[in-house]
Amino acid sequence: MSMPHDTFECGHTLEELSLYLDTGEFADPPHLQSCPECRNGLDSLRRLSAAGNELFASDVAAAGSGTDDWMKDILANLTLELRPGRTIPLRSEDPADSLSETEGAVIALVRSVADNLPGAVAGRVRLDGDVTVPGEPVTVRLDLAVLFGRHLLDSAASLRQDVADALARHTELNIAAIDITITDVIDAPREEQ
Amino acid sequence: MRDHLDVVPDAILVGRAADGDTAAFEALARRYGPHMRASARRLTGSYADADDAVQEALVQAWKQMDTLREPAAVKGWLLRLTGSRSIDLLRRRRNHSSLAGGEEDAPPDTVAPGAGPETTAVAGAGIESLKAALETLPEEQRRCWILKEINGQSYEEIAQTLNISPASVRGRLARARTALVREMEDWR
Amino acid sequence: MTTPLKNVIMAVDGVTEVFPARSLWQRLPARAMSVLQRPGAEPEDGELVDVRDLDGRTEVTVRVGVSAAARTPDVVRGVAAAVRKHLAPAEVSVKVTVARVAAADPVPAGSRHG
């Protein structure tokens, strides 16, 4: 690989200037102010960087939207392994039987209850405690994003009740607490950049 | 609100996807897919290969979603996965073509990563000369440059992707820039 | 044998779906999953309910989806009882796993009550 002739008369190189632009490291910073060659070099590198940004923007625009067919095809071909999580036992009437539900099903249930609250979107849901042992106390931790302007404090109490009702209906877990954390406030529709 | 996943912050989507919510994962894929595809196409040279690389990156992302320490940093993570899968794809292709006795010296992405009539209309002269200059770069330098400027990866991250030392990344990147600056100035 | 058993299970109040019993379902593409979940769609392989004989005892493994309007513990016990009754007088052990609670999907109003 041949080295380009990139050493200036002042002895510095475009390589050093390139590193300086990325890291701010340079052996003799005042030199950069006084040396016309180095300043020209930095200007060139900045123009390159600007052209790179333009190229990037044009490439992303040319790639199309995430709702286009190419992405639909990719998503249709994806093999996403489901995440059953732990096995949560349910009482059986016959000792020969083994009845259970998956942690993944219970988490999805909690998520959908939260999603049903107007202006709210569930985030991560965790079941803290040994859900595989009947009667063990379990704490539900639910992250929530809310739309700005909604009166969430009122609805947090009713959400807690809805989650408790759903868990009582669909599990035999001993729910010790339901902790709801509002992690995000969404103020407007957003898109990348 | 489940229908509005497209307005939800990254960290929330990551949390849901880690919990197994495929809808949240697909929202992330739609959000960053165009950037991933642009990067993969610049690295591999074609949309067909780019889409394969993006798909592999998404499969890996789904499997490893719960290892992501900083959920808000999901964009950079997806781009790193895309870069790695693109490089893998090129390596596989090269091994295949040299086994087949093909042109070993030809870069696997002779489709000219620069060419692309679809951008010409909006592209300024800077873009056109940069595209032409990129085509003249040695492959390893071009990869470094794309991972840095299009993916925004750090020297360390590029080093991991390319399986070389950070010092080599620094050298290649600097040589790439030097060559690009000269090519672009000649172009004028 | 397995198809009638599947019908027996689907007939239990609160059961919305029967998923392939063994590991197959865990690796299904997301799209195939949604096809499975579409009412009326039948997977080709017919291995929805796993039935095997172990030393004279019949072991039945089944994975189901349960309606949000139902009560999951009651539904799974109902499934176990229905399978046992269907296979009587064989000595049966039933393994039921709930893989999905179809919560809060807009279920047609009044279609089902817990």
Side-chain angles (χ1 to χ4, degrees), chain A residues 1 3-4 6 14-15 18-19 22 44-45 47-56 58-67 70-71 73-75 77-83 85 104 107-108 111-112 115 117-125 143 145 147 183-184 186 188-192, chain B residues 1-2 4-9 11-12 15-16 18-22 25-26 29-35 37-39 41-42 47 51 54-55 58-59 62-63 75 116 118-119 122-124 126-127 129-131 138 145 148-150 155 170-171 173-175 177-182 184-185:
Chain A
M1 210 170 283
M3 278 294 289
D6 65 343
L14 210 48
E15 182 166 344
S18 160
L19 187 63
D22 281 345
S44 293
L45 287 170
R47 274 197 301 277
L48 172 63
S49 172
N53 288 339
E54 270 186 75
L55 177 64
F56 162 67
S58 116
D59 275 359
V60 171
S65 153
T67 54
W70 63 272
M71 179 52 87
D73 289 345
I74 288 176
L75 292 176
N77 288 331
L78 280 187
T79 303
L80 303 182
E81 286 180 46
L82 302 183
R83 306 192 203 285
I107 282 176
R111 195 161 57 219
S112 69
D115 283 350
L117 186 68
V121 181
R124 181 133 231 188
V125 178
D143 289 348
L147 274 188
T183 57
D184 294 85
I186 305 168
R190 67 183 292 287
E191 286 172 16
E192 184 185 4
Chain B
M1 273 292 289
R2 192 166 183 276
H4 304 304
L5 283 180
D6 285 339
V7 305
V8 167
I12 287 281
R16 292 174 70 113
D19 281 348
D21 183 16
T22 54
F25 184 74
E26 293 188 356
R30 284 193 298 273
R31 186 172 293 173
Y32 295 118
H35 193 157
R37 189 184 201 215
S39 152
R41 182 214 167 210
R42 197 51 68 198
Y47 278 132
D51 288 353
V54 169
Q55 185 167 322
L58 288 173
V59 167
W62 173 257
K63 285 182 183 160
K75 176 184 170 185
E118 75 277 15
T119 58
V122 289
I127 296 190
S129 59
L130 176 54
K131 282 183 185 174
W145 189 86
K148 180 80 178 73
E149 306 296 343
I150 305 284
Y155 288 12
R170 197 178 63 205
L173 193 56
R175 285 197 294 278
R177 285 172 173 162
T178 302
L180 289 173
V181 161
R182 285 187 202 290
M184 290 177 69
E185 280 168 3

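Note that the coordinates shown come from a computational prediction; the quantities given were computed from them, not determined experimentally.
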Inset, instruction - Measure the spacing between CZ of B:Phe25 and CG of A:Leu78 and express it to the nearest 0.5 Å. - result: 6.0 Å

Inset, instruction - Could you look at A:Ser44 and say if it's the side chain, the backbone, both or neither that has a heavy atom under 4.5 Å from chain B? - result: both

Legend entry - Salt bridge present between B:Asp21 and A:Arg83 (N-O < 4.0 angstrom): no

Inset, instruction - Name the region of A:Leu19, side chain, backbone, both or neither, that has any atom closer than 4.5 Å to a heavy atom of chain B. - result: both

Legend entry - Leading residue by heavy atom contact count with chain B [cutoff under 4.5 Å; candidates A:Thr67, A:Asn53, A:Val125]: A:Val125

Inset, instruction - Measure the CZ-CD distance between B:Arg170 and A:Glu15 for me, rounded to the nearest 0.5 Å. - result: 7.0 Å

Inset, instruction - Check whether any side-chain heavy atom of A:Asp22 lies under 4.5 Å from a side-chain heavy atom of B:Leu173, and answer yes or no. - result: yes

Inset, instruction - Nearest 0.5 Å please: distance from the CD1 atom of B:Ile127 over to the CG atom of A:Leu55. - result: 6.0 Å

Inset, instruction - Rounded to the nearest 0.5 Å, what's the gap from CG on B:Asp51 to CD1 on A:Ile74? Could you check? - result: 4.0 Å

Inset, instruction - Under 4.5 Å heavy-atom distance to chain A, tell me which part of B:Leu130 shows up: side chain, backbone, both or neither. - result: side chain

Legend entry - Any donor-acceptor pair under 3.5 Å from B:Asp19 side chain to A:Arg124 backbone: no

Legend entry - Heavy-atom check, side chain of A:Ser18 versus side chain of B:Thr178, under 4.5 Å: no

Inset, instruction - Begin with the C-alpha distance, continue with both residues' side-chain angles, and end with the deciding distance and a verdict on side-chain contact (heavy atoms from CB on, under 4.5 Å) for B:Arg42 and A:Phe56. - result: CA-CA 9 Å; B:Arg42 197 51 68 198; A:Phe56 162 67; over 6 Å; no

Legend entry - Separation of B:Lys131 NZ from A:Ser58 OG (nearest 0.5 Å): 5.0 Å

Inset, instruction - For each of B:Ala11, B:Ser39, B:Gly15, B:Gly171, tally heavy-atom pairs with chain A at distances under 4.5 Å, and name the one with the top tally. - result: B:Gly15

Legend entry - A:Asp59 and B:Arg37 ion-paired at < 4.0 Å: no

